Amino acid sequence: MEKSILGLVIFSSLIPFAFAEVTIQNDQKYIGDDGSLHIVGEIINDLEAPLNQISVHVTLFNENQNVIAVKETNSLVNTVMPGMKGPFDLILINEEAVNTESYILELDYEISPPKSQVIEITESELSRDNLGNLMIKGTVANQGEFTANTVAVIATLYDNEGNVAAVSRVHPEPDYLKTKDNAFFLISVPDKIQTQGIDKYELIAESEEFAAVPEFPIGTLIVLVGTLSAYIGITKFSGKFIVNLISATNLK
């Protein structure tokens with residue numbers, strides 16, 4: 001009986017590795033105020049190890065389903081920790097923007113060494129200026145034990161259907177934070193038509209050394225031990241994962 005219980009526990013611990021995956025979700029396209037075409041979405045990391053070197057390959061089709069071009073863009077979050085997201089924004093201009101009717105997304109990434117999750121958004125507020133431009137202001141803090149360099153704050157805005165409406169990335173000034181220090185940031189999203197009526201957003205902050213504090217923080221030791229164990233286990237058998245996700249949408 002004890003052997004059966006032990007086997008069940010071991011099997012249960014393997015389930016997340018068997019079914020966990022990396023996907024692209026909530027993607028769509030829109031025309032910006034300047035006439036450029038944006039293809040936006042977010043990478044969801046359901047693995048138990050961090051990801052980096054994340055790129056999205058976008059195959060563009062015209063109304064006759066002929067391939068126009070294949071483009072590449074990167075996640076605005078450099079290291080996507082387990083259970084977290086990394087938004088992306090591919091911007092097309094000229095003939096590609098006019099002729100793109102649908103697209104297919106392919107995802108490429110590497111398994112990354114774990115980072116301490118200590119870069120935290122401590123407060124934020126969404127507002128609009130007199131011209132209707134959407135702005136998000138707030139404070140980012142370094143809860144780590146040494147200086148965080150090249151700090152960035154990434155905003156993802158969502159429409160009423162939960163799709164990514166727009167994304168933006170900014171560096172506070174200065175873009176480094178000493179231990180236990182904080183800095184003010186201001187994110188501006190210029191596409192007024194696209195962001196009209198938008199009030200739902202998520203923020204992620206990171207630095208070269210550190211990752212963002214998770215939305216629902218767990219004990220730091222548990223996170224680090226679990227992530228490190230998963231990283232060792234996954235990289236032992238595979239140095240690279242490639243997920244192909246077909247996500248075609250039509251112009252409305």
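The structure displayed is predicted, hence computed values, not measured ones. Just so it is clear, the values below take in all heavy atoms, side chains as well, and ignore hydrogens, waters and symmetry mates.
- Other cluster members for L131: none, since no ILVMFWY side-chain heavy atom sits under 4.5 Å from it.
- The hydrophobic cluster around Y176 extends to none of the other residues, as no ILVMFWY side-chain heavy atom falls under 4.5 Å of it.
- For residues 182-199, no pair satisfies salt bridge (Lys or Arg N to Asp or Glu O under 4.0 Å), with sequence neighbours left out.
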Show which side-chain atoms of residues 87-95 pair as donor or acceptor with protein atoms under 3.5 Å away, not counting sequence neighbours.
residue : atom : partner : partner atom : Å
D89     : OD1  : H38     : ND1          : 3.1
D89     : OD2  : H38     : ND1          : 3.2

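- Not counting sequence neighbours, the partners of S124 by the side-chain hydrogen bond (donor to acceptor under 3.5 Å, both in side chains) test are Y201.
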Return a table of donor-acceptor pairs under 3.5 angstrom between the side chains of residues 150-160 and protein atoms on other chains or two or more places apart.
residue : atom : partner : partner atom : Å
T150    : OG1  : E208    : OE2          : 2.8
Y158    : OH   : E42     : OE1          : 2.7
Y158    : OH   : E202    : OE1          : 3.4
D159    : OD1  : E161    : N            : 2.9
D159    : OD1  : G162    : N            : 3.0
D159    : OD1  : N163    : N            : 2.9
D159    : OD2  : Q28     : NE2          : 3.1

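- With sequence neighbours left out, R169 forms a salt bridge (charged side-chain N to carboxylate O under 4.0 Å, His left out) with E206.
- Among residues at least two apart or in separate chains, salt bridge (Lys or Arg N to Asp or Glu O under 4.0 Å) pairs with a member in residues 61-80 are K71-E96.
- Here F184 sits in one hydrophobic cluster together with M135, L186; the rule is ILVMFWY side chains under 4.5 Å apart, joined directly or through other members.
- Under the salt bridge (charged side-chain N to carboxylate O under 4.0 Å, His left out) criterion, E145 pairs with K180, not counting sequence neighbours.
- Residues satisfying the side-chain contact (heavy atoms from CB on, under 4.5 Å) criterion with N64, sequence neighbours excluded, are N62, N66.
- The list of ring pair (Phe, Tyr, Trp, His ring centres under 6.0 Å) pairs with a residue in residues 118-146, not counting sequence neighbours, reads F146-F210.
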